[in-house]
Novice: 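Okay, here's the structure, questions in a sec.
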Amino acid sequence: MRKLYAKYLNIEVTRRCNMACAHCLRGDARNEDVKLEYITTFLENFQSIHYLGITGGEPSLNPKAMAHILEVCKSNNIQVSRFDVVTNGTQTSMSDEFISVCQGLWDYQENKETAEFDHMLELSDDEYHDKALHPQVIEKLSQYPFFGMRGCSSYIYLFKEGRCKEGGKINYQPLYLTTSDYVYGDIYMNVKGQIVSDCNMSYETQEKQKVCHCRNFRSYINKKLRT
């Protein structure tokens with residue numbers, strides 16, 4: 001069975017968070033982590049991923065799952081042009097385990113070119129996040145070539161989802177498959193192994209918009225998307 005290509009793919013590694021920002025589109029934090037078997041089952045469908053986002057919750061609270069993503073990519077020889085991780089700038093953002101796995105992701109990804117506000121690991125610098133530890137986080141992470149600021153200090157686009165009471169609506173875009181087995185759209189796997197077609201959804205909206213479970217992703221592709 002031929003493996004797939006993906007333009008944009010995101011994996012939610014945790015719903016835990018050590019902040020409670022008013023603009024959070026996810027909603028209130030939950031004590032849930034993704035099962036490692038879901039990561040394996042999902043990623044084994046692909047041979048090449050242009051953009052692989054690792055999200056949450058706060059990703060630095062589950063570096064074990066991040067390391068597993070890297071392990072599965074390596075063991076299955078999955079090409080990844082670039083990874084993307086955004087951290088909120090707390091104590092866990094400076095943990096040796098988190099930094100080590102970020103270094104591993106950087107070493108593995110093919111595209112190592114960086115531009116302003118376009119780094120593999122970015123720090124949320126908008127007005128909503130608690131910046132108490134940001135000077136320490138910046139000092140520690142600035143020595144790494146993959147780190148930079150997210151670039152939202154003056155403006156951030158908001159979605160009216162989760163705890164956020166203002167902002168735009170989600171423009172849901174369906175997934176579609178080309179004849180060359182390239183899956184287009186924003187493929188998102190949450191901690192429950194559910195697949196949705198946009199990364200900007202609250203936890204409640206994900207339940208309503210899920211298209212399949214990761215165990216059935218290949219079947220979904222073959223039955224629903226393949227023409």
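The first residue of the sequence shown is numbered 1, and numbering continues consecutively from there.
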Novice: Tell me the closest heavy-atom pair linking Tyr220 and Cys212, and the distance in Å.
Specialist: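 The pair with the smallest heavy-atom distance is CB-SG, 3.8 Å.
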
Novice: Any idea which heavy atoms bring Ser60 and Thr92 closest together, and the distance?
Specialist: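 Smallest interatomic distance, heavy atoms only, reads OG-OG1, 2.7 Å.
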
Novice: With a cut-off of 6.0 Å (strictly less than), are more than 12 heavy atoms of other residues, nucleotides or ligands near NZ of Lys35?
Specialist: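 Atom NZ in Lys35 is not crowded, with 12 or fewer foreign heavy atoms closer than 6.0 Å.
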
Novice: Minimum heavy-atom separation for Ser75 to Val72, with atom names?
Specialist: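 Minimum heavy-atom contact is OG-O, 3.2 Å.
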
Novice: Applying the 4.5 Å side-chain criterion to the ILVMFWY set and letting contacts propagate, would Met189 and Leu36 be lumped into a single cluster?
Specialist: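 Yes; Leu36 is reachable from Met189 via cluster members.
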
Novice: With clusters defined by side-chain heavy atoms of hydrophobic residues (ILVMFWY) lying less than 4.5 Å apart, directly or transitively, does Met66 cluster with Phe83?
Specialist: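 Yes: a chain of side-chain contacts under 4.5 Å links Phe83 to Met66.
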
Novice: Tell me which one of Asn31, Asn62, Asp33 satisfies side-chain hydrogen bond (donor to acceptor under 3.5 Å, both in side chains) with Thr14.
Specialist: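 Running side-chain hydrogen bond (donor to acceptor under 3.5 Å, both in side chains) over Asn31, Asn62, Asp33 with Thr14 returns exactly one hit, Asp33.
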
Novice: Got a second to check how far Ser197's OG is from Asp186's CG, nearest 0.5 Å?
Specialist: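 Separation between the atoms: 8.0 Å.
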
Novice: Applying side-chain contact (heavy atoms from CB on, under 4.5 Å), run through Gln206 and Glu12 and close with a yes or a no.
Specialist: CA-CA 12 Å; Gln206 288 178 24; Glu12 183 183 277; 3.3 Å; yes

Novice: Please tabulate, for the side chains in residues 97-107, all donor-acceptor contacts under 3.5 angstrom to protein atoms that are two or more places apart in sequence or on a different chain.
Specialist:
from, atom 1, to, atom 2, distance (Å)
Gln103, NE2, Asp107, OD1, 3.0

Novice: Counting distance only, does the side-chain N/O of Asp125 pair as donor-acceptor with the main-chain N or O of Cys152 below 3.5 Å?
Specialist: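 At least one qualifying donor-acceptor pair exists.
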
Novice: State plainly whether one hydrophobic cluster holds both Ile138 and Val86, where clusters connect Ile, Leu, Val, Met, Phe, Trp and Tyr through side-chain heavy atoms under 4.5 angstrom apart.
Specialist: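 Hydrophobic grouping puts Ile138 apart from Val86.
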
Novice: Which heavy atom in Asn88 sits nearest to a heavy atom in Cys17, and how many Å separate them?
Specialist: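 Closest pair (atom of Asn88, atom of Cys17, distance): ND2-SG, 4.0 Å.
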
Novice: Does the pair Glu204 and Arg30 meet the rule for a salt bridge (charged side-chain N to carboxylate O under 4.0 Å, His left out), with working shown?
Specialist: CA-CA 12 Å; Glu204 288 78 11; Arg30 301 180 181 183; 3.0 Å; yes

Novice: When rounded to the nearest 0.5 angstrom, what is the spacing between CZ in Arg163 and SG in Cys24?
Specialist: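 Here the interatomic distance stands at 5.0 Å.
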
Novice: side-chain contact (heavy atoms from CB on, under 4.5 Å) for Glu127 and His23? Distances and angles first, verdict last.
Specialist: CA-CA 10 Å; Glu127 63 181 296; His23 78 312; over 6 Å; no

Novice: Do Ser93 and Leu133 have side-chain heavy atoms sitting under 4.5 Å apart?
Specialist: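 No - every pair of side-chain heavy atoms lies 4.5 Å or more apart.
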
Novice: How many angstroms lie between atom CD1 of Ile221 and atom CG of Asp181, to the nearest 0.5 angstrom?
Specialist: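 These two atoms lie 9.0 Å from each other.
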
Novice: How close do Ser202 and Gly162 get, heavy atom to heavy atom, and via which atoms?
Specialist: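 For Ser202 and Gly162, the tightest heavy-atom pair comes out as CB-N, 3.5 Å.
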
Novice: Stepwise, does the side chain to side chain donor-acceptor pair (under 3.5 Å) test hold for Asn10 with Thr55?
Specialist: CA-CA 7 Å; Asn10 294 273; Thr55 184; over 6 Å; no

Novice: Between atom CD of Gln173 and atom CG of Asp198, what is the distance when rounded to the nearest 0.5 Å?
Specialist: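 Separation between the atoms: 8.0 Å.
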
Novice: Can you list the other members of the hydrophobic cluster that holds Tyr182, where links are side-chain heavy atoms under 4.5 angstrom apart?
Specialist: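 The other cluster members (ILVMFWY side chains, heavy atoms under 4.5 Å, direct or chained) are Tyr5, Tyr176, Tyr184.
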
Novice: Following the transitive rule for hydrophobic clusters with a side-chain heavy-atom cut-off under 4.5 Å over Ile, Leu, Val, Met, Phe, Trp and Tyr, establish whether Leu25 and Val13 coincide in one cluster.
Specialist: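 No, it is not one cluster - the side chains of Leu25 and Val13 are not joined through contacts under 4.5 Å.
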
Novice: Determine which pairs satisfy salt bridge (Lys or Arg N to Asp or Glu O under 4.0 Å) with at least one residue from residues 44-64, sequence neighbours left out, and list them in order.
Specialist: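 For residues 44-64, and leaving out neighbouring residues, there are no salt bridge (Lys or Arg N to Asp or Glu O under 4.0 Å) pairs at all.
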
Novice: Val34 and Asn190: which non-hydrogen atoms are nearest, and at how many Å?
Specialist: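 The pair with the smallest heavy-atom distance is CG2-O, 4.1 Å.
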
Novice: Is there a donor-acceptor pair under 3.5 Å between the side chain of Lys131 and the backbone N or O of Asp126?
Specialist: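 Side chain of Lys131 to backbone of Asp126: a pair is present.
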
Novice: Tell me whether the rings of Phe159 and Tyr157 are parallel (<30°), tilted (30 to 60°) or perpendicular (>60°).
Specialist: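 Correct class here is perpendicular.
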
Novice: With a 4.5 Å cut-off on side-chain heavy atoms, are Tyr51 and Ser81 touching?
Specialist: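 Not in contact.
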
Novice: How many angstroms lie between atom CE of Met120 and atom CZ of Arg82, to the nearest 0.5 angstrom?
Specialist: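 Rounded to the nearest 0.5 Å, the CE-CZ separation comes out at 9.0 Å.
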
Novice: Does Leu141 form a side-chain contact (heavy atoms from CB on, under 4.5 Å) with Leu123? I'd like the steps, not just the answer.
Specialist: CA-CA 10 Å; Leu141 295 182; Leu123 175 64; over 6 Å; no

Novice: Please tell me whether Phe46 and Leu177 are part of a single hydrophobic cluster in this structure, the criterion being side-chain heavy atoms less than 4.5 Å apart.
Specialist: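 As far as the 4.5 Å side-chain criterion goes, Leu177 and Phe46 are connected within one cluster.
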
Novice: Where do Thr40 and His68 land on the side-chain contact (heavy atoms from CB on, under 4.5 Å) test, with the steps shown first?
Specialist: CA-CA 8 Å; Thr40 303; His68 190 70; 2.7 Å; yes

Novice: To the closest 0.5 Å, what do you measure between CD1 (Ile69) and CG (Leu9)?
Specialist: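 Going from the CD1 atom of Ile69 to the CG atom of Leu9 covers 9.0 Å.
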
